[in-house]
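Here's the structure, in C-alpha coordinates; my notes come after.
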Amino acid sequence: MSIELRSDTFTKPSLAMREAMANAEVGDDMVGEDPTVNRLESEVAALLGKEAAVYTCSATQANQMSVWAHCERGDELLIETTGHIANYESGTPAILSGVSVRRIDGDFGRLDVQHLEGQIRRDDDHYPPTTLLCLENSTNIAGGRTYSLEHLERVCNWAHDNKLSAHLDGARLFNACIARGYSPADVAQHFDTISTCFSKGLGCPMGAILVGSKALIKRARRARKVMGGALRQAGIVAASAIYALEHNVQRLTEDHENAKRLAEGLAEIPNVNIALEAVETNLVYFEIDPAWGTASDLERIAAENGINLFSVGGAQRLRACTHLGVTTEEIGEAITIFQNILT
Ligand SMILES: Cc1ncc(COP(=O)(O)O)c(C=O)c1O
(Lines give C-alpha, C1' and ligand atoms only; values in the text may rest on other atoms or scores of the structure.)
Protein backbone atom coordinates (compact mmCIF):
# COMPACT_ATOMS: atom_id res chain seq x y z
CA MET A 1 0.00 0.00 0.00
CA SER A 2 1.34 3.40 -0.99
CA ILE A 3 1.50 6.38 1.35
CA GLU A 4 -1.25 8.56 -0.14
CA LEU A 5 -0.18 12.21 -0.10
CA ARG A 6 -1.87 13.38 -3.32
CA SER A 7 -4.95 14.92 -1.72
CA ASP A 8 -7.35 14.80 1.21
CA THR A 9 -9.96 13.84 -1.39
CA PHE A 10 -8.46 10.33 -1.19
CA THR A 11 -9.84 9.79 2.33
CA LYS A 12 -12.17 6.83 2.67
CA PRO A 13 -15.23 6.62 4.95
CA SER A 14 -14.55 4.72 8.17
CA LEU A 15 -16.67 1.79 9.34
CA ALA A 16 -18.38 4.01 11.93
CA MET A 17 -19.19 6.58 9.24
CA ARG A 18 -20.58 3.84 7.00
CA GLU A 19 -22.75 2.60 9.87
CA ALA A 20 -24.14 6.11 10.38
CA MET A 21 -24.88 6.23 6.65
CA ALA A 22 -26.59 2.82 6.64
CA ASN A 23 -28.83 3.86 9.52
CA ALA A 24 -29.83 7.25 8.09
CA GLU A 25 -33.50 8.16 7.80
CA VAL A 26 -34.21 9.31 4.26
CA GLY A 27 -36.88 10.95 2.11
CA ASP A 28 -37.13 12.91 -1.14
CA ASP A 29 -34.85 15.91 -0.71
CA MET A 30 -36.08 17.56 -3.91
CA VAL A 31 -39.33 18.30 -2.09
CA GLY A 32 -37.59 19.00 1.24
CA GLU A 33 -38.56 15.66 2.83
CA ASP A 34 -35.22 14.09 3.64
CA PRO A 35 -34.94 14.45 7.43
CA THR A 36 -31.19 13.80 7.51
CA VAL A 37 -30.43 16.38 4.81
CA ASN A 38 -32.75 18.84 6.58
CA ARG A 39 -30.93 18.24 9.86
CA LEU A 40 -27.52 18.71 8.24
CA GLU A 41 -28.60 21.93 6.53
CA SER A 42 -30.05 23.45 9.69
CA GLU A 43 -27.07 22.38 11.84
CA VAL A 44 -24.52 23.84 9.42
CA ALA A 45 -26.51 27.06 8.96
CA ALA A 46 -26.56 27.44 12.76
CA LEU A 47 -22.86 26.58 13.07
CA LEU A 48 -22.03 29.34 10.61
CA GLY A 49 -24.57 31.79 12.02
CA LYS A 50 -26.57 32.07 8.78
CA GLU A 51 -30.27 31.66 7.96
CA ALA A 52 -30.15 28.78 5.50
CA ALA A 53 -28.05 26.12 3.79
CA VAL A 54 -28.30 23.80 0.82
CA TYR A 55 -26.57 20.43 0.56
CA THR A 56 -24.79 19.78 -2.74
CA CYS A 57 -22.84 17.08 -4.58
CA SER A 58 -19.45 18.80 -4.50
CA ALA A 59 -17.56 21.94 -3.50
CA THR A 60 -17.37 22.93 -7.16
CA GLN A 61 -21.13 22.77 -7.38
CA ALA A 62 -21.58 24.78 -4.16
CA ASN A 63 -19.21 27.48 -5.48
CA GLN A 64 -20.95 27.65 -8.83
CA MET A 65 -24.39 27.81 -7.23
CA SER A 66 -23.09 30.77 -5.29
CA VAL A 67 -21.81 32.52 -8.44
CA TRP A 68 -25.23 31.91 -10.02
CA ALA A 69 -27.06 33.21 -6.95
CA HIS A 70 -25.03 36.42 -6.65
CA CYS A 71 -24.56 37.44 -10.29
CA GLU A 72 -26.48 38.32 -13.43
CA ARG A 73 -25.29 37.06 -16.82
CA GLY A 74 -22.57 39.39 -18.10
CA ASP A 75 -21.23 40.24 -14.63
CA GLU A 76 -17.64 39.82 -13.54
CA LEU A 77 -16.20 38.38 -10.34
CA LEU A 78 -12.87 39.18 -8.69
CA ILE A 79 -10.63 36.40 -7.38
CA GLU A 80 -6.99 35.82 -6.53
CA THR A 81 -4.89 34.53 -9.45
CA THR A 82 -4.58 31.01 -8.02
CA GLY A 83 -8.24 30.72 -6.89
CA HIS A 84 -9.95 27.37 -7.40
CA ILE A 85 -13.13 28.92 -8.83
CA ALA A 86 -11.06 30.62 -11.54
CA ASN A 87 -8.69 27.81 -12.42
CA TYR A 88 -9.96 24.36 -11.48
CA GLU A 89 -13.70 24.40 -12.04
CA SER A 90 -13.61 23.95 -15.82
CA GLY A 91 -14.50 27.56 -16.63
CA THR A 92 -17.94 27.10 -15.07
CA PRO A 93 -18.60 30.74 -14.09
CA ALA A 94 -18.68 31.46 -17.85
CA ILE A 95 -20.41 28.22 -18.87
CA LEU A 96 -23.15 28.08 -16.25
CA SER A 97 -23.68 31.68 -15.12
CA GLY A 98 -22.33 33.77 -18.02
CA VAL A 99 -19.92 35.40 -15.56
CA SER A 100 -16.37 36.40 -16.45
CA VAL A 101 -13.51 36.08 -14.01
CA ARG A 102 -10.83 38.67 -13.23
CA ARG A 103 -7.74 37.24 -11.56
CA ILE A 104 -5.75 39.50 -9.24
CA ASP A 105 -2.32 38.72 -7.81
CA GLY A 106 -2.35 38.52 -4.02
CA ASP A 107 -0.11 37.19 -1.27
CA PHE A 108 -0.02 33.36 -1.10
CA GLY A 109 -3.53 33.30 -2.56
CA ARG A 110 -4.85 35.94 -0.17
CA LEU A 111 -6.25 39.25 -1.37
CA ASP A 112 -6.06 42.45 0.62
CA VAL A 113 -7.50 45.91 0.04
CA GLN A 114 -4.29 47.17 -1.59
CA HIS A 115 -4.57 44.42 -4.24
CA LEU A 116 -8.22 45.21 -4.89
CA GLU A 117 -8.26 49.01 -4.96
CA GLY A 118 -8.94 50.22 -8.51
CA GLN A 119 -10.07 46.78 -9.73
CA ILE A 120 -13.79 47.50 -9.85
CA ARG A 121 -14.91 48.45 -13.36
CA ARG A 122 -16.53 51.83 -13.68
CA ASP A 123 -20.14 52.02 -14.90
CA ASP A 124 -19.50 52.03 -18.64
CA ASP A 125 -20.95 49.87 -21.43
CA HIS A 126 -17.44 48.75 -22.38
CA TYR A 127 -17.10 46.79 -19.13
CA PRO A 128 -18.81 43.91 -17.38
CA PRO A 129 -20.28 45.03 -14.04
CA THR A 130 -18.06 43.83 -11.17
CA THR A 131 -20.44 42.32 -8.62
CA LEU A 132 -18.76 39.54 -6.64
CA LEU A 133 -15.56 38.96 -4.68
CA CYS A 134 -14.50 35.34 -4.07
CA LEU A 135 -11.91 34.47 -1.41
CA GLU A 136 -10.48 31.08 -0.43
CA ASN A 137 -9.71 30.03 3.18
CA SER A 138 -7.58 28.00 3.49
CA THR A 139 -5.99 28.55 0.10
CA ASN A 140 -5.18 25.49 -1.95
CA ILE A 141 -2.79 26.02 -4.85
CA ALA A 142 -1.28 29.07 -3.19
CA GLY A 143 -0.09 26.89 -0.32
CA GLY A 144 -2.65 26.00 2.36
CA ARG A 145 -2.44 29.49 3.87
CA THR A 146 -5.12 31.05 6.07
CA TYR A 147 -6.59 34.51 6.64
CA SER A 148 -6.71 36.21 10.04
CA LEU A 149 -10.18 37.44 11.09
CA GLU A 150 -9.03 41.09 10.89
CA HIS A 151 -7.87 40.47 7.34
CA LEU A 152 -11.21 38.91 6.34
CA GLU A 153 -13.14 41.73 7.97
CA ARG A 154 -11.07 44.38 6.15
CA VAL A 155 -11.44 42.78 2.71
CA CYS A 156 -15.13 41.92 3.04
CA ASN A 157 -15.90 45.43 4.34
CA TRP A 158 -14.14 46.78 1.27
CA ALA A 159 -16.29 44.53 -0.94
CA HIS A 160 -19.54 45.52 0.76
CA ASP A 161 -18.62 49.23 0.83
CA ASN A 162 -18.18 48.91 -2.94
CA LYS A 163 -21.52 47.09 -3.39
CA LEU A 164 -19.89 43.74 -4.17
CA SER A 165 -21.13 40.50 -2.61
CA ALA A 166 -18.56 38.34 -0.85
CA HIS A 167 -18.34 34.56 -1.23
CA LEU A 168 -15.94 32.30 0.62
CA ASP A 169 -14.69 29.12 -1.02
CA GLY A 170 -14.26 27.31 2.28
CA ALA A 171 -13.57 23.87 0.85
CA ARG A 172 -11.08 23.60 3.74
CA LEU A 173 -12.79 26.05 6.11
CA PHE A 174 -12.43 23.67 9.06
CA ASN A 175 -8.68 23.36 8.47
CA ALA A 176 -8.42 27.15 8.62
CA CYS A 177 -10.54 27.27 11.80
CA ILE A 178 -8.43 24.62 13.54
CA ALA A 179 -5.16 26.25 12.47
CA ARG A 180 -6.22 29.77 13.52
CA GLY A 181 -8.37 28.90 16.54
CA TYR A 182 -11.41 30.81 15.27
CA SER A 183 -14.92 29.42 14.77
CA PRO A 184 -16.75 28.87 11.46
CA ALA A 185 -19.23 31.60 12.52
CA ASP A 186 -16.34 34.05 13.20
CA VAL A 187 -15.34 33.62 9.56
CA ALA A 188 -18.82 33.40 8.06
CA GLN A 189 -20.04 36.68 9.62
CA HIS A 190 -18.03 38.59 7.00
CA PHE A 191 -19.42 36.76 3.95
CA ASP A 192 -22.76 36.62 2.15
CA THR A 193 -22.25 32.97 1.21
CA ILE A 194 -19.80 30.29 2.29
CA SER A 195 -19.22 26.87 0.75
CA THR A 196 -17.59 24.06 2.63
CA CYS A 197 -16.74 20.53 1.60
CA PHE A 198 -17.21 17.24 3.45
CA SER A 199 -15.23 15.02 1.10
CA LYS A 200 -11.77 16.44 1.79
CA GLY A 201 -10.19 16.42 5.27
CA LEU A 202 -13.52 15.53 6.90
CA GLY A 203 -13.43 12.11 5.28
CA CYS A 204 -16.89 11.79 3.65
CA PRO A 205 -17.36 10.00 0.34
CA MET A 206 -18.97 13.08 -1.23
CA GLY A 207 -20.95 16.23 -0.48
CA ALA A 208 -20.57 19.93 0.21
CA ILE A 209 -22.84 22.69 1.45
CA LEU A 210 -23.59 26.32 0.66
CA VAL A 211 -24.70 28.64 3.45
CA GLY A 212 -26.19 32.15 3.38
CA SER A 213 -29.39 34.17 3.68
CA LYS A 214 -32.77 32.57 2.92
CA ALA A 215 -33.08 34.62 -0.28
CA LEU A 216 -29.63 33.65 -1.62
CA ILE A 217 -30.06 29.98 -0.74
CA LYS A 218 -33.44 29.97 -2.53
CA ARG A 219 -31.67 31.18 -5.69
CA ALA A 220 -28.87 28.66 -5.12
CA ARG A 221 -31.40 25.81 -4.81
CA ARG A 222 -32.78 26.73 -8.20
CA ALA A 223 -29.20 26.76 -9.57
CA ARG A 224 -28.66 23.30 -8.09
CA LYS A 225 -31.69 22.01 -10.00
CA VAL A 226 -30.55 23.72 -13.21
CA MET A 227 -27.15 22.08 -12.81
CA GLY A 228 -28.78 18.66 -12.48
CA GLY A 229 -27.76 18.45 -8.84
CA ALA A 230 -31.13 18.25 -7.09
CA LEU A 231 -31.06 15.27 -4.74
CA ARG A 232 -33.46 12.53 -3.70
CA GLN A 233 -32.67 10.14 -0.79
CA ALA A 234 -29.44 12.00 -0.08
CA GLY A 235 -29.74 11.45 3.67
CA ILE A 236 -27.49 8.43 3.17
CA VAL A 237 -24.58 10.70 2.34
CA ALA A 238 -25.71 13.64 4.49
CA ALA A 239 -25.40 11.25 7.45
CA SER A 240 -21.68 10.97 6.70
CA ALA A 241 -21.38 14.76 6.95
CA ILE A 242 -23.21 14.84 10.29
CA TYR A 243 -20.87 12.11 11.50
CA ALA A 244 -17.82 14.01 10.20
CA LEU A 245 -18.83 17.25 11.93
CA GLU A 246 -19.10 15.35 15.21
CA HIS A 247 -15.95 13.23 14.91
CA ASN A 248 -13.52 14.52 12.29
CA VAL A 249 -13.09 18.25 12.87
CA GLN A 250 -10.90 18.44 15.99
CA ARG A 251 -8.67 15.66 14.66
CA LEU A 252 -7.56 17.94 11.79
CA THR A 253 -4.91 19.10 14.30
CA GLU A 254 -3.19 15.74 13.75
CA ASP A 255 -3.09 16.36 10.00
CA HIS A 256 -1.58 19.81 10.56
CA GLU A 257 1.04 18.37 12.92
CA ASN A 258 1.87 15.69 10.37
CA ALA A 259 2.18 18.34 7.67
CA LYS A 260 4.65 20.28 9.84
CA ARG A 261 6.58 17.08 10.58
CA LEU A 262 6.80 16.29 6.88
CA ALA A 263 7.82 19.87 6.02
CA GLU A 264 10.57 19.85 8.66
CA GLY A 265 11.82 16.50 7.38
CA LEU A 266 11.85 17.74 3.78
CA ALA A 267 13.68 20.92 4.80
CA GLU A 268 16.64 18.75 5.92
CA ILE A 269 16.93 17.01 2.54
CA PRO A 270 19.30 18.26 -0.18
CA ASN A 271 17.66 19.50 -3.40
CA VAL A 272 14.44 20.52 -1.58
CA ASN A 273 13.38 24.14 -1.14
CA ILE A 274 10.56 24.70 1.30
CA ALA A 275 9.26 27.71 3.25
CA LEU A 276 8.45 26.19 6.64
CA GLU A 277 6.47 29.22 7.85
CA ALA A 278 4.08 28.72 4.89
CA VAL A 279 2.93 25.34 6.20
CA GLU A 280 -0.10 26.35 8.26
CA THR A 281 -2.58 23.56 7.55
CA ASN A 282 -2.50 20.14 5.85
CA LEU A 283 -0.91 21.16 2.54
CA VAL A 284 2.86 21.00 2.09
CA TYR A 285 4.22 22.66 -1.04
CA PHE A 286 7.89 22.43 -1.93
CA GLU A 287 10.26 22.80 -4.88
CA ILE A 288 12.92 20.54 -6.27
CA ASP A 289 16.28 21.84 -7.43
CA PRO A 290 16.42 21.63 -11.27
CA ALA A 291 19.94 20.19 -10.90
CA TRP A 292 18.27 17.07 -9.46
CA GLY A 293 15.35 16.88 -11.91
CA THR A 294 11.77 18.07 -12.29
CA ALA A 295 8.69 17.78 -10.12
CA SER A 296 7.29 15.22 -12.59
CA ASP A 297 10.47 13.15 -12.16
CA LEU A 298 10.02 13.15 -8.40
CA GLU A 299 6.30 12.36 -8.69
CA ARG A 300 7.13 9.32 -10.82
CA ILE A 301 10.08 8.05 -8.76
CA ALA A 302 8.22 8.61 -5.47
CA ALA A 303 5.28 6.56 -6.81
CA GLU A 304 7.69 3.75 -7.71
CA ASN A 305 8.96 3.90 -4.12
CA GLY A 306 5.55 3.87 -2.41
CA ILE A 307 4.62 7.55 -2.06
CA ASN A 308 1.87 9.21 -4.08
CA LEU A 309 2.05 13.00 -4.41
CA PHE A 310 1.23 15.61 -7.06
CA SER A 311 3.47 17.87 -9.10
CA VAL A 312 1.45 21.07 -9.38
CA GLY A 313 1.79 24.77 -10.15
CA GLY A 314 5.18 24.80 -11.90
CA ALA A 315 7.89 22.56 -13.32
CA GLN A 316 9.67 22.22 -9.95
CA ARG A 317 6.73 22.42 -7.54
CA LEU A 318 5.00 19.57 -5.70
CA ARG A 319 2.24 19.19 -3.16
CA ALA A 320 1.95 16.65 -0.38
CA CYS A 321 -1.30 16.60 1.54
CA THR A 322 -1.89 15.06 4.97
CA HIS A 323 -5.26 13.67 6.04
CA LEU A 324 -6.94 11.02 8.15
CA GLY A 325 -5.69 8.26 5.87
CA VAL A 326 -2.02 9.03 6.67
CA THR A 327 -0.46 8.13 10.02
CA THR A 328 2.43 9.87 11.80
CA GLU A 329 4.43 6.66 11.29
CA GLU A 330 3.88 6.87 7.53
CA ILE A 331 5.09 10.48 7.56
CA GLY A 332 8.34 9.24 9.13
CA GLU A 333 8.61 6.55 6.44
CA ALA A 334 7.89 9.11 3.71
CA ILE A 335 10.71 11.36 4.94
CA THR A 336 13.16 8.43 4.82
CA ILE A 337 12.04 7.52 1.29
CA PHE A 338 12.41 11.15 0.12
CA GLN A 339 15.89 11.23 1.70
CA ASN A 340 16.91 8.13 -0.23
CA ILE A 341 15.52 9.42 -3.51
CA LEU A 342 16.85 12.96 -3.30
CA THR A 343 20.26 12.59 -1.69
C1 LIG B 1 -10.20 25.41 -2.52
C2 LIG B 1 -11.03 24.42 -3.25
N3 LIG B 1 -12.28 24.77 -3.63
C4 LIG B 1 -13.08 23.92 -4.28
C5 LIG B 1 -12.65 22.64 -4.57
C6 LIG B 1 -13.58 21.74 -5.37
O7 LIG B 1 -13.80 20.52 -4.80
P8 LIG B 1 -14.43 19.33 -5.68
O9 LIG B 1 -13.43 19.04 -6.77
O10 LIG B 1 -14.56 18.21 -4.72
O11 LIG B 1 -15.70 19.82 -6.22
C12 LIG B 1 -11.36 22.24 -4.22
C13 LIG B 1 -10.88 20.89 -4.56
O14 LIG B 1 -9.77 20.50 -4.30
C15 LIG B 1 -10.53 23.15 -3.54
O16 LIG B 1 -9.29 22.83 -3.18
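Just so you know, ligand 1 is whichever comes first in the structure, and atom 1 is the first atom listed for that ligand. When a residue number appears, it is its place in the shown sequence, counting from 1.
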Can you name the atoms of ligand 1, numbered from 1 with element, that are less than 4.0 Å from a heavy atom of Ser58? 11 (O)
Correct closest heavy-atom pair for Ala238 and Leu40 would be CB-CD2, 3.9 Å
Given side chains that start at C-beta, do those of Trp158 and Glu117 come closer than 4.5 Å, heavy atoms only? yes
Identify the closest protein heavy atom to atom 12 (C) of ligand 1: which residue and atom is it, and at what distance? His84 NE2, 3.1 Å
If you count the atoms of ligand 1 from 1 in the order shown, which ones are under 4.0 Å from a heavy atom of Lys200? 5 (C), 6 (C), 7 (O), 8 (P), 10 (O), 12 (C), 13 (C), 14 (O)
Closest non-hydrogen protein atom to atom 11 (O) of ligand 1, residue and atom name please, with distance? Thr60 OG1, 2.7 Å
So for Asp169 against ligand 1, with non-hydrogen atoms under 4.0 Å, the contacting part is side chain
Taking all heavy atoms of Phe191 and all of His167, pick out the closest pair and write down the distance. CD2-C, 3.6 Å
Please indicate whether any nitrogen or oxygen in Ser199 is less than 3.5 Å from any nitrogen or oxygen in ligand 1. no
Would you mind listing which atoms of ligand 1 come within a distance below 4.0 Å of any non-hydrogen atom of Glu136? 1 (C)
Could you tell me whether the side chain of Val237 reaches within less than 4.5 Å of the side chain of Tyr55, counting heavy atoms only? yes
In terms of heavy-atom contacts, Phe338 and Leu309 come closest through CZ-CD1, 3.9 Å
Do you know the tightest heavy-atom contact between Thr11 and Gly325? CG2-N, 4.5 Å
Beyond-backbone contact of Val54 with Glu41, side-chain heavy atoms, under 4.5 angstrom: yes
Would you indicate whether the side-chain heavy atoms of Leu231 and Asp34 approach each other to under 4.5 Å? no
Output the list of atoms in ligand 1 that are nearer than 4.0 Å to some heavy atom of Arg172, sorted by atom number. 14 (O), 15 (C), 16 (O)
Atom indices of ligand 1, in the order listed, that fall short of 4.0 Å to a heavy atom of Ala171: 1 (C), 2 (C), 3 (N), 4 (C), 15 (C)
Could you see which bit of Thr139 sits under 4.0 Å from ligand 1, with heavy atoms only: side chain, backbone, both or neither? neither
Within-cut-off N or O pair, Asn140 and ligand 1, under 3.5 Å: yes
May I ask you to identify, for Glu89, whether its side chain, its backbone, both or neither come under 4.0 Å of ligand 1 on a heavy-atom basis? side chain
